[in-house]
Amino acid sequence: MTKLRSEQFGPKLLLKVFGAAFFAYLFLGFMLLPCLNTLASIFNTTNAAGERDPLAVIRFFFAGNMGSYVWNSLKLAVCLVVTVNVVGVSIVLLTEYFDIRGAGILRLGYMTTLIYSGVALVTGYLFLYDNNGILTTLLVNAFPGMNPNWFSGFNAVLFTMTFACTSNHMLFLRNAIRGIDYNTVEAARNMGAKPFKVLWKVVFPTLIPTMFSLTVMTFITGLCAMSAPTLLGYDSINPEIVRLAGSSSADEAFPQARAALLSIILAMFTIVLLTILSSYERKGHYLSVSKTKAKLQKQKITNPVYNVLAHIYAYVLFVIYMIPVVMIILFSFQTYGAIRMKKLDVTQWTLINFFGSQDYEYLTSRGTYKTRKGSISGLFANEATLGGIKLSFVLSAIAAALACVIVVVACNYIFKNRSKKSGVALEYSLLFPWLLPTILICYSYRVYFNSEDVWYVGGSNLYYAEHVRLLIIIAYTVVRLPFSLRMIKAAFYAIDEELEDAARNMGAGGLTTFLKVKLPIILPSVLAVFALNFNTLFTEYDMSATFASSYGTSYAMVIQSMCAEEGLYGYNVNASGRRCASTVFIMIVSGIILYLVYGVGARDLGERLEIRDRRRKRWEKLQSRFKKQPALKTDH
């Protein structure tokens with residue numbers, strides 16, 4: 001009896017109590033209370049007499065133009081569902097299902113949106129289609145009556161986001177098509193079904209679950225769009241929330257409460273959509289396939305007219321995807337004069353947009369020449385861009401690592417207590433941020449922690465001065481928790497329970513078993529999630545714009561504001577060139593990370609051993625050639 005009591009009230013129990021209390025502290029302080037505070041702020045507004053008027057914001061919503069922001073976001077989300085699915089499905093079919101010449105090159109072009117997105121991607125499209133963009137200038141010269149400001153507002157945002165949001169299709173729908181059992185396709189063909197009937201009756205039904213998930217994700221993306229509406233001048237919810245968050249009651253009527261109301265409206269839409277998605281997934285949609293699964297073989301388009309049209313359509317999309325990438329890369333090596341004129345000049349090649357600096361001499365209004373020292377500076381020589389890179393790198397790396405560590409520890413607990421309520425409660429708590437728009441979480445943090453009365457953080461104002469960097473790290477971490485949980489939890493299923501039993505039988509404790517047995521198995525997946533988290537956060541704009549502060553200016557914010565003062569008083573003369581160089585730098589960093597994750601990291605042990613064996617044989621063959629050469633000369 002004494003031994004039983006000592007086990008119940010020993011260090012393990014204290015550790016469990018401390019862990020539960022600490023988790024409750026984090027969940028309440030950094031997930032629940034800030035959002036509840038935002039909700040309460042809607043009904044705490046006061047009128048001109050200083051009296052509380054709980055319905056003031058609601059009346060303002062129906063009487064003012066706030067409803068137009070909601071309608072604009074809904075219109076964009078609905079239209080994106082159609083356009084993104086049409087383009088996304090077609091590019092996957094063209095590269096994975098149909099036999100199209102040059103499919104490998106086409107695939108690379110369609111996947112360019114994976115290596116640059118957000119502000120960098122919109123910048124690339126502006127470079128081409130803005131009122132003085134390259135293609136717009138060519139079109140205006142060819143058609144003088146054309147409106148040079150055509151690329152703005154809803155149409156520009158829809159066009160840009162249609163091609164930006166197909167990256168999910170290239171990742172998830174591509175895998176779904178590759179997983180189709182070719183035996184079912186072949187059986188339908190043997191029964192006399194034509195290729196497009198097989199596609200409609202056999203292939204598409206297997207893709208419905210993936211398509212449903214992608215549709216919901218696309219709708220939420222359009223609803224919560226930030227970068228494209230901000231840069232292309234479209235009045236939607238997220239840019240308005242950020243604008244109101246930086247306003248005051250001296251400028252307009254209760255801006256903070258209006259921002260809170262828009263955030264809550266976004267949250268309601270997101271919760272409803274994710275609830276529908278979860279309900280659909282719980283139904284379990286399965287397809288019966290043969291016991292011996294056959295790899296999908298590409299289908300030839302037998303009709304010559306359809307075949308030609310499919311090839312034309314494929315390469316037109318390829319051009320649309322590739323032109324911004326190619327032009328940004330080319331102009332990143334041009335002087336500021338060539339970039340300003342939007343004309344490629346073979347005599348104007350330079351590396352100044354990346355490295356080094358130059359002085360700039362210009363004519364003042366008084367008719368005298370003035371020189372600005374170092375006004376023409378490269379990406380890695382400019383203090384603002386270099387500071388943004390360093391800050392974003394550090395904040396993103398810390399947040400990505402924290403999210404992985406928290407989820408790994410949580411998953412270990414969830415799998416140990418999968419039949420207990422505590423494990424289920426922990427899992428749903430970590431998925432809680434998925435129910436809320438990112439902008440709501442960040443806005444709630446900005447308002448709630450912009451005070452010295454929050455005892456959760458020791459009475460410190462986390463929005464003040466350099467403290468905002470800690471607030472950004474917390475927001476980054478919280479937002480990436482649901483994604484990290486879904487990915488790392490899948491890796492835990494690969495752990496054989498017999499290995500744990502063997503370790504326990506050999507006397508290993510829980511911590512030793514985790515470090516020596518479990519962690520090495522899941523480590524590749526954890527590193528992959530870390531890389532993807534870092535890739536997303538490094539170029540993130542929405543959250544950092546909400547936390548707008550001179551102490552928290554991220555790399556994406558520097559890129560966005562880089563051209564605002566270009567050439568003003570002789571400063572930042574080559575800001576456009578440096579912005580192109582920044583986009584190229586983002587492509588390189590993102591490309592390397594994606595290659596490590598989906599290239600090297602995706603290979604299993606057998607593939608790695610096979611590659612190593614091929615390299616060894618190639619090296620031995622090369623050595624044998626060098627050894628034979630002297631012998632041949634001697635015989636001769």
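Since this is a predicted model, take the numbers as computed values, not measurements.
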Under 3.5 Å, which donor-acceptor pairs link side chains of residues 26-40 to any protein atom two or more places apart or in another chain?
residue	atom	partner	partner atom	Å
T38	OG1	P34	O	3.1
T38	OG1	S444	OG	2.7

Checklist entry - Can you find a side-chain donor-acceptor pair between N535 and S590 that sits under 3.5 Å? => result yes

Next on the checklist: Under a plain distance cut-off of 3.5 Å, with no hydrogens placed, do S484 and N533 share a side-chain donor-acceptor pair?
Outcome noted: yes

Checklist entry - Cut-off 3.5 Å, side chains only: do R446 and N450 have a donor facing an acceptor? => result no

Next on the checklist: Before you tell me yes or no, could you show the steps for I352 and T335 under side-chain contact (heavy atoms from CB on, under 4.5 Å), namely the whole-Å CA-CA distance, both residues' side-chain angles and the distance that decides it to 0.1 Å?
Outcome noted: CA-CA 8 Å; I352 194 61; T335 61; 5.7 Å; no

Item to check | Residues Y234 and S152: side-chain donor-acceptor under 3.5 angstrom | outcome: no

Checklist entry - Aromatic rings F530 and F534: how do their planes relate, parallel, tilted or perpendicular, breaks at 30° and 60°? => result parallel

Item to check | Set of side chain to side chain donor-acceptor pair (under 3.5 Å) partners for T136, sequence neighbours left out | outcome: W150

Checklist entry - When the ring planes of F18 and F22 are compared, do they come out parallel, tilted or perpendicular, using 30° and 60° as the limits? => result parallel

Checklist entry - How are the rings of Y555 and F585 set relative to one another: parallel (under 30°), tilted (30 to 60°) or perpendicular (over 60°)? => result perpendicular

Checklist entry - If only atom types and distance count, is the side chain of N72 paired as donor or acceptor with the main-chain N or O of D235 below 3.5 Å? => result yes

Next on the checklist: Under the salt bridge (Lys or Arg N to Asp or Glu O under 4.0 Å) definition, can you give me all pairs with a residue in residues 373-394, not counting sequence neighbours?
Outcome noted: D359-K373

Next on the checklist: Under the criterion side-chain contact (heavy atoms from CB on, under 4.5 Å), I'd like the reasoning laid out for L80 against T221: C-alpha separation, chi angles, the key distance, then a yes or no.
Outcome noted: CA-CA 9 Å; L80 274 179; T221 300; 5.6 Å; no

Checklist entry - Should the pair Y463 and F547 be assigned to parallel (<30°), tilted (30 to 60°) or perpendicular (>60°) ring geometry? => result tilted

Checklist entry - Relative to the ring of F538, is the ring of F393 parallel (under 30°), tilted (30 to 60°) or perpendicular (over 60°)? => result perpendicular

Next on the checklist: Would you say the ring centers of Y428 and F432 fall short of 6.0 Å from each other?
Outcome noted: no

Checklist entry - Under 3.5 Å, is there a donor-acceptor pair between the side chain of N382 and the main chain of T385? => result yes

Next on the checklist: Using the rule side chain to side chain contact (heavy atoms under 4.5 Å, CB included), only one of I328, V325, I115 pairs with T583; which is it?
Outcome noted: I328

Item to check | Donor + acceptor pair across side chains of Y443, Q256 (<3.5 Å) | outcome: yes

Item to check | Polar side-chain atom of T160 near backbone of V157 as donor-acceptor pair, under 3.5 Å | outcome: no

Checklist entry - Which is it for N149 and N131 under the side chain to side chain donor-acceptor pair (under 3.5 Å) test, yes or no, and what are the steps along the way? => result CA-CA 5 Å; N149 296 311; N131 54 7; 3.2 Å; yes

